[in-house]
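All values below were derived from every heavy atom in this structure, side-chain atoms included, with hydrogens, water molecules and symmetry-related copies excluded.
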Amino acid sequence: MTNGTSEFEVVIVGGGAAGIATAASLHKREPSLRIAIVEPSDKHYYQPGWTMVGGGIFQAKQTERDMASVMPDYVSWIRQAATAFEPGNNTVVLADGSRIKYIFLVVAAGLKLDWDGVEGLSDTLGRNGVTSNYRYDLAPYTWELVQRLRSGRALFTQPPMPIKCAGAPQKAMYLSCSEWERRGVLSDIDVHFHNAGGVLFGVADYVPALMEYVGRYGITLDLNERLTAVDGSAKTATFETADGSKTVDFDMLHVCPPQTAPDFIKSSPLAGEGGWIDVDQETLRHTRFDNVFGLGDCTNTPNAKTAAAARKQAPIVASNLIAAILDKPMPSQYDGYGSCPLTVERGKIVLAEFGYGGKLLPSFPDWALDGTKPTRRAWVLKADILPKLYWEGMLKGHEWLVKPGKLG
């Protein structure tokens with residue numbers, strides 16, 4: 001799908017949710033722009049659906065489409081990986097050593113799931129009772145383990161922040177407990193949540209509702225405990241705690257892996273502290289290179305790394321990039337919005353919506369949907385409405401509920 005040229009007005013690195021949504025929002029504002037998307041994958045995934053796959057609500061295939069079916073026909077698709085940035089020359093280096101030039105660059109390359117950051121984890125994933133909803137091919141195994149388990153110990157882990165969707169590790173736990181409760185075996189299963197952080201959830205307003213479910217399911221909270229090693233054959237997990245190392249037996253282990261910026265971003269001139277793309281948290285423009293923008297999971301903005309955040313960020317980047325082309329002030333600002341639909345039981349969700357500093361940013365009035373309480377309406381939103389909004393709205397430039405806010 002490339003058109004033979006190596007220079008574009010806008011090059012977008014990453015063909016995931018953030019990259020395609022940004023291309024769609026740019027095209028909507030200025031159809032004449034020559035846009036390229038650098039993306040090696042031949043599949044596109046609706047990653048928020050993997051929680052539902054692990055809970056037996058969705059089938060994995062519902063979350064997967066061919067990349068060709070979602071890649072816009074008005075962009076040039078560079079089917080390679082980017083390996084380096086040369087912002088001084090307005091150039092992106094590709095895996096085969098070739099280069100493409102840009103006038104403006106948008107980096108939406110996601111993050112790296114560091115499976116090797118836990119000793120022994122890669123060797124046992126998908127067997128020995130070790131699983132993770134953070135991988136398309138493993139989410140069905142989560143559901144298989146949940147169905148199979150009738151007694152024993154189930155561990156759910158969360159690494160240090162930042163991670164993609166901060167609620168996902170405990171979503172897997174609640175849906176598993178909901179199924180065990182339905183089958184009448186929950187009382188025979190010892191459930192633990194090992195969180196490297198010191199709190200159950202980072203925004204305090206949502207904690208009371210979550211704690212009710214922790215109590216209902218009889219979950220033990222093991223806070224400030226970081227998973228460091230897994231021995232699949234022995235079915236043991238080792239954690240680093242304030243009191244030293246401890247090893248725990250398990251029958252089922254759901255792991256959320258450590259997460260970092262992609263290696264080619266960490267080593268680039270675009271990286272800031274921690275290796276993430278260094279952008280202004282309001283305009284999403286790079287702090288040092290005026291013709292570079294970043295969004296999605298790869299940036300250093302202090303918001304929840306969720307698809308909902310990318311959906312809000314894409315039109316802001318598009319609006320501000322068009323202004324930059326015209327040499328005008330940035331018109332739009334990002335307030336840190338992210339959404340985390342916490343699946344606390346099958347059929348009910350605590351819809352956490354918040355921005356920078358933990359400020360609550362609900363999309364609906366309390367009488368319609370109180371996000372701090374578990375509701376059936378939020379479940380319908382997650383299970384039925386949001387997937388359609390993703391495939392037919394976000395990826396096609398429809399900016400429902402995410403019109404850019406004004407700067408200042």
* Asked: In terms of heavy-atom contacts, does NZ of K348 have more than 12 from other residues, nucleotides or ligands at under 6.0 Å?
  -> no
* **Over 12 foreign heavy atoms within 6.0 Å of CZ, R377** => no
* To do: Dump the intermediate steps for salt bridge (charged side-chain N to carboxylate O under 4.0 Å, His left out) on E240 and K246, then the final yes or no.
  => CA-CA 7 Å; E240 188 62 41; K246 79 173 188 182; over 6 Å; no
* So, T247 versus T238: side-chain donor-acceptor pair below 3.5 Å or not? -> yes
* What do the steps show when you test E86 against R99 for salt bridge (charged side-chain N to carboxylate O under 4.0 Å, His left out), and what is the final call? -> CA-CA 10 Å; E86 297 174 345; R99 286 165 163 75; 2.9 Å; yes
* To do: Under the salt bridge (Lys or Arg N to Asp or Glu O under 4.0 Å) rule, collect the residues that match up with E119, sequence neighbours excluded.
  => none
* Lys/Arg-Asp/Glu bridge criterion (N-O < 4.0 Å) met for E212, R216 -> no
* Asked: Under a 4.0 Å N-O cut-off, is there an ion pair linking K235 with D249?
  -> no
* Side-chain donor-acceptor pair present, N300, E273, cut-off under 3.5 Å -> no
* **Electrostatic pair E7-R34, nearest N-O below 4.0 angstrom** => no
* **Polar side chain donor-acceptor pair, D222 to N195, under 3.5 angstrom** => no
* Minimum-distance pair of heavy atoms, taken over all atoms of A24 and G397 -> CB-N, 3.2 Å
* Between Y213 and E345: side-chain donor-acceptor atoms closer than 3.5 Å -> yes
* To do: Classify the angle between the aromatic ring planes of F239 and H194 as parallel (below 30°), tilted (30 to 60°) or perpendicular (above 60°).
  => parallel
* Asked: Between F8 and Y102, is the ring centre distance below 6.0 Å?
  -> no
* Asked: Quick one: does P302's side chain get under 4.5 Å of Q281's, heavy atoms only?
  -> yes
* Between T241 and D243: side-chain donor-acceptor atoms closer than 3.5 Å -> no
* Provide the closest heavy-atom pair for F85 versus V13 in the form atom of the first, atom of the second, distance. => CE2-CG2, 3.8 Å
* Asked: Under 3.5 Å, is there a donor-acceptor pair between the side chain of T83 and the main chain of V93?
  -> yes
* Asked: If we only count heavy atoms from C-beta on, is the I78 to I37 side-chain gap below 4.5 Å?
  -> no
* Counting distance only, does the side-chain N/O of Y141 pair as donor-acceptor with the main-chain N or O of G129 below 3.5 Å? -> yes
* Structure fact -> Residues F104 and D290: closest non-hydrogen pair is CE2-O, 4.3 Å
* Asked: Is it true that D297 and K164 make a salt bridge, defined as a side-chain N closer than 4.0 Å to a carboxylate O?
  -> yes
* To do: Measure centre to centre between the rings of Y46 and Y390, then say whether the value is under 6.0 Å.
  => yes
* Asked: So, T63 versus Q47: side-chain donor-acceptor pair below 3.5 Å or not?
  -> no
* Side-chain donor-acceptor pair present, N133, T142, cut-off under 3.5 Å -> yes
* Looking only at heavy atoms, what is the nearest atom pair of A21 and L395, with distance? -> N-CD2, 4.5 Å
* To do: Check W115 against S132 and note the closest heavy-atom contact, atom names and distance.
  => CH2-OG, 3.4 Å
* To do: Would you please classify the geometry between the F354 ring and the F201 ring as parallel, tilted or perpendicular, with 30° and 60° separating the classes?
  => perpendicular
* To do: May I ask you to decide if I103's main-chain N or O and N291's side chain share a donor-acceptor pair within less than 3.5 Å?
  => yes
* Asked: Would you call D188 and R150 a salt bridge, taking side-chain N to carboxylate O under 4.0 Å as the test?
  -> no
* **Test item: F250 and H192 side chains (from C-beta on) under 4.5 Å apart, heavy atoms** => no
* Check: L155 and M252 side chains under 4.5 Å, non-hydrogen atoms -> no
* Structure fact -> Paired with Y337, the side-chain hydrogen bond (donor to acceptor under 3.5 Å, both in side chains) test is passed by just one of K312, E353, K359, namely E353
* Asked: Just one of I349, V350, L351, T51 clears the side-chain contact (heavy atoms from CB on, under 4.5 Å) bar with L342, so which one?
  -> V350
* Asked: Hey, does the side chain of S267 reach the backbone of D263 with a donor-acceptor pair shorter than 3.5 angstrom?
  -> yes
* Asked: Do the side chain of W77 and the main chain of E39 share a donor and acceptor less than 3.5 angstrom apart?
  -> yes
* Asked: Do I265 and V107 come within less than 4.5 Å of each other through their side chains, counting heavy atoms only?
  -> yes
* To do: Verify, without hydrogens or angle tests, whether S178 (side chain) and L175 (backbone) share a donor-acceptor contact under 3.5 angstrom.
  => no
* Would you say the side-chain atoms of S41 pair up with the backbone N or O of K43, donor to acceptor, closer than 3.5 Å? -> no
* Sub-3.5 Å donor-acceptor pair from the side chain of T131 to the main-chain atoms of H254, do we have one? -> no
* Measure from NZ or CZ of R135 to the centre of the six-membered ring of W50 and say whether it is under 6.0 Å with the direction within 45° of the ring axis. => no
* Asked: Are D278 and T287 linked by a side-chain donor-acceptor pair shorter than 3.5 Å?
  -> yes
* To do: Using modelled atom types only, decide if a donor and an acceptor are shared between the side chain of D251 and the backbone of R153 within a distance under 3.5 Å.
  => yes
* Asked: Minimum heavy-atom separation for P48 to A307, with atom names?
  -> CG-CB, 3.8 Å
* **Under 3.5 Å donor-acceptor, R311 side chain and L389 backbone** => no
